[in-house]
There are 2 protein chains.
Amino acid sequence: MNDIRPIRAKSGTNHEGTSAHNRRVMIDALRINGALSRADLARATRLTKQTVSNIIEELERDGLVGSREAVRKGRGQPSTPYVLVPEGAFAIGLQIDRHVTRAVAVDLVGSVLVRAETGLPPGGPSTGTKVILNLVAGVRSRLAGIVQQSEKRLVGLGAAMPGPFGMEGSGDDPWMMEAWQKFPLLETLSDGTGLNVGLQNDAAAAATAERMVGAAHGIDHAVCLFVGYGIGAGLILNGELYRGANGNAGEIGMALLFADGKTTPLEHRASLASLYQHLSADPADPDLHARINDLASRGDPSIEAWIKAAAADLRWSIHLIETVFDPQTVILCGSAPEALVNRLIAAIGPLLPSVAERRGRMLPRLQPGMADSWSVALGAAAGPISRAFDPRFAAILKDSQ
Amino acid sequence: MNDIRPIRAKSGTNHEGTSAHNRRVMIDALRINGALSRADLARATRLTKQTVSNIIEELERDGLVGSREAVRKGRGQPSTPYVLVPEGAFAIGLQIDRHVTRAVAVDLVGSVLVRAETGLPPGGPSTGTKVILNLVAGVRSRLAGIVQQSEKRLVGLGAAMPGPFGMEGSGDDPWMMEAWQKFPLLETLSDGTGLNVGLQNDAAAAATAERMVGAAHGIDHAVCLFVGYGIGAGLILNGELYRGANGNAGEIGMALLFADGKTTPLEHRASLASLYQHLSADPADPDLHARINDLASRGDPSIEAWIKAAAADLRWSIHLIETVFDPQTVILCGSAPEALVNRLIAAIGPLLPSVAERRGRMLPRLQPGMADSWSVALGAAAGPISRAFDPRFAAILKDSQ
DNA sequence: TCATTAAGTCAAATGTATTGACTTATTACT
DNA sequence: AGTAATAAGTCAATACATTTGACTTAATGA
């Protein structure tokens with residue numbers, strides 16, 4: 001008689017959910033297409049002109065969209081194009097990496113306004129959180145110096161760091177990432193900044209960045225293969241970042257390869273970590289990034305052997321991604337030096353035959369994405385922007401209100 | 001000036017979208033939890049009692065839900081539990097396999113009411129469509145003989161067959177599946193039956209079945225590893241079947257393994273096809289299924305070597321699935337004989353260490369799913385039921401109305 | 001017996017999108 | 001030059017689904 005088992009159900013929705021969705025759809029349409037008139041928006045979203053007018057008026061009042069000069073394009077009344085106002089919203093992005101942490105402030109359209117970087121002292125969270133909170137506070141105050149009302153328009157703080165999260169650890173990581181992965185980072189950052197905080201792994205952040213301003217812009221099914229210290233895949237499925245049950249979806253670097261008579265995780269063979277080992281380089285060396293970029297762009301033999309081997313593994317990874325996710329395109333990005341990523345892309349081709357080989361493809365199977373040191377921090381910041389403004393199923397539900 | 005580029009945007013929504021979503025949420029809640037009172041539903045869905053009353057009244061009028069006798073459970077007015085009415089809706093499921101085709105009729109709760117099976121003549125679609133349409137028509141009329149008003153309540157026809165779809169083919173498949181994959185099946189079935197028709201690959205169908213009545217019931221992140229003639233994964237992500245950009249997501253059988261000095265697709269090593277080869281058996285032999293079931297349940301040495309090798313490959317596949325999808329659970333199912341699936345599950349354990357190893361797991365990492373000949377046809381039928389009644393983002397949008 | 005608790009209903013209010021007529025501004029045609 | 005055609009956008013009224021708050025019903029427990 002005593003039924004203690006909780007009832008599981010999805011949340012319903014109501015008028016406010018409808019309205020919230022339609023606002024997001026408008027913003028998304030302007031983000032993807034650039035300037036659009038109210039009539040354009042009505043046709044594209046299948047809403048009526050009147051509804052679009054109401055919503056646009058409201059978004060304009062909120063400072064999220066603005067009008068440009070009317071344009072004549074044939075018969076009929078000239079149309080007034082609307083565009084996103086970059087200063088309509090801001091977010092802070094934070095990248096926590098092995099020996100460095102970076103923070104950026106970005107605006108609604110994904111432009112980076114403030115950058116800051118600092119070394120992360122050894123000792124993990126116990127010593128690092130203070131450094132991080134200082135860095136964020138610095139970025140925040142510099143942003144306030146650049147634009148008016150930035151605090152009011154700050155939608156959140158997005159953090160990114162290498163995954164996987166919540167795993168039983170092996171305890172052998174000298175860079176203490178494992179300690180960070182177990183640390184209650186969300187609460188600490190939330191308490192320390194008073195902002196809404198989100199967390200994703202660095203591959204997911206890179207994908208979020210690619211979707212906002214990069215090669216995945218406006219694409220609903222894309223996978224970003226991220227080559228950094230480790231290797232991960234950021235998954236854009238049905239137009240949304242897919243996180244999995246525990247935020248660890250896409251940790252493809254831990255996929256096992258059978259090679260040389262043993263099974264090895266992909267990222268032990270094809271990541272920056274493996275390159276550092278190949279070069280006997282110290283990952284903490286601040287000049288290393290530039291040096292590798294230089295070696296890669298010169299085609300130095302010390303690096304070519306690694307590139308050839310890594311490219312073979314990445315070729316396999318891309319085949320795997322195409323096979324299991326069936327995306328419209330795969331984007332290769334990374335925190336690796338740009339010249340290295342370009343060399344890898346060149347060395348990866350031609351791709352292996354896969355289900356992606358089909359008539360009528362609109363996009364290349366493999367595209368280069370961002371490969372600079374700031375793309376993960378940018379993607380971290382894009383997270384809160386996306387959560388606040390992109391159309392998502394969760395956003396219409398009552399339990400998100 | 002002439003801007004021909006089409007405007008891309010997501011569709012907006014309105015009251016009808018809201019209402020449609022809330023109806024689906026009610027049905028979903030009753031499907032997952034069984035009998036619930038209006039008050040229960042209001043709490044679970046976060047809608048008001050009044051709204052729930054309105055919707056339940058409407059669903060009852062539509063014959064989709066019905067009430068049971070009121071139950072007293074402490075102080076307060078006794079509550080009236082509502083349940084799904086099985087006869088509220090029906091769907092036909094169709095499995096097209098290499099040498100056989102099966103059709104079933106299922107009801108709203110996933111019970112199979114009618115089964116029919118027939119051999120598929122050689123020659124592919126040109127000779128096969130007639131057989132299939134006859135089979136479907138037979139099932140349909142038998143259903144009409146069993147229940148009243150079945151035609152009115154028929155929400156669609158779901159088809160399932162081995163993928164991948166739309167690929168440039170190699171043309172060496174004696175069973176003509178490639179011809180089927182290129183054939184305009186949807187149009188043919190739609191024209192031939194007048195029903196809404198959907199198409200999935202067989203792994204996706206198996207996952208749809210597991211979600212409606214099997215091990216994935218009520219679970220939002222699950223992957224069904226399907227062992228049939230080939231190998232595929234059916235992906236339940238965020239509570240919905242994920243299809244990918246071209247309906248080929250989850251075709252894990254084509255993933256490449258490096259082994260014995262060459263790269264081989266997984267399904268050349270661990271599928272029923274490989275077992276048939278191992279046993280030098282004729283796949284068209286109608287007794288083969290029973291014979292393999294017998295060999296597997298007796299632990300016959302002729303099959304144990306294959307099981308051991310296949311289990312190793314499946315162990316790797318499960319690790320891969322956990323790594324890239326981060327599901328709550330992996331379900332092993334198949335059109336393989338049940339005893340074989342059970343032997344495989346036993347031989348697969350213990351699983352490889354992965355991100356799935358974490359404190360506080362609620363579900364086992366690997367669970368057995370359905371392994372009978374009818375589960376794909378059942379899943380095919382579950383497709384239209386799910387499309388019509390399960391909460392989905394697409395269902396609230398105007399372009400789905 | 002009566003206060004308390006919980007389920008469920010009623011009628012009015014609220015919030016959004018829709019409808020259809022109307023205004024405005026421009027081009028194309030005669 | 002004049003006028004019809006076309007398209008953008010507004011106005012006021014309406015429709016639709018959920019919400020609100022008071023109310024009714026039916027049980028338990030002290």
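All chains are named by letter (A, B, ...) in the order of the sequence lines, taking the proteins before the strands, and each is independently numbered beginning at 1.
- Between the side chain of A/N196 and the backbone N or O of A/P384, no donor-acceptor pair lies under 3.5 Å.
- By the 4.5 Å heavy-atom criterion applied to side chains, B/L108 and B/E87 are not counted as neighbours.
- Within the 4.0 angstrom heavy-atom criterion, only backbone atoms of the sugar-phosphate kind lie near A/R43; the bases stay farther away.
- In this structure, CD of A/Q50 is placed 11 Å from P of C/dA17, rounded to the nearest angstrom.
- For B/S11 and A/R46, the side-chain atoms include no donor-acceptor pair closer than 3.5 Å.
- When the nearest nucleotides of DNA chain D are assigned to B/T51 and A/S53 by heavy-atom distance, the more 5′-ward of the two goes with A/S53.
- Using a 4.0 Å cut-off between a side-chain N of Lys or Arg and a carboxylate O of Asp or Glu, A/D40 and A/R43 qualify as a salt bridge.
- The interatomic distance linking A/H21 (NE2) with C/dA17 (C1') rounds to 13 Å, in whole Å.
- With DNA chain C read from its 5' end, the first of the two nearest nucleotides for B/G76 and B/P81 is the one closest to B/G76.
- Nearest heavy-atom pair across B/A245 and A/P327 is CB-C, 4.0 Å.
- Taking only side-chain nitrogens and oxygens, A/N22 comes nearer than 4.0 Å to OP1 or OP2 of C/dA17.
- Remark: C1' of C/dG15 and NZ of A/K398 are 13 Å apart, rounded to the nearest angstrom.
- Looking at A/R140 and A/E151, a side-chain N of the basic residue comes within less than 4.0 Å of a carboxylate O on the acidic one, giving a salt bridge.
- A/Y82 and A/R68 are not linked by any side-chain donor-acceptor pair at a separation below 3.5 angstrom, with hydrogens and angles left out of the test.
- What separates CZ of A/R38 from P of C/dT24 is a distance of 16 Å, to the nearest Å.
- Taking atom CZ of residue B/R75 and atom C1' of nucleotide C/dC2, one finds them 11 Å apart after rounding to whole Å.
- Distances shorter than 4.0 Å separate none of the side-chain N or O atoms of A/K49 from OP1 or OP2 on C/dT23.
- On the nucleic acid side, DNA chain D contacts chain B at distances under 4.0 Å to non-hydrogen atoms, with the end points of that region at D/dA15 to D/dG29.
- Both A/T48 and A/P78 lie close to DNA chain C; mapped to their nearest nucleotides by heavy-atom distance, the more 5′-ward contact belongs to A/T48.
- If you measure from atom CD1 of A/I396 to atom P of C/dA17, you get 13 Å, rounded to the nearest angstrom.
- Closest to the side chain of A/R72, from the set C/dT18, C/dT26, C/dT16, is C/dT26.
- Note on A/R46: nothing from the nucleic acid sits closer than 4.0 angstrom, heavy atoms only.
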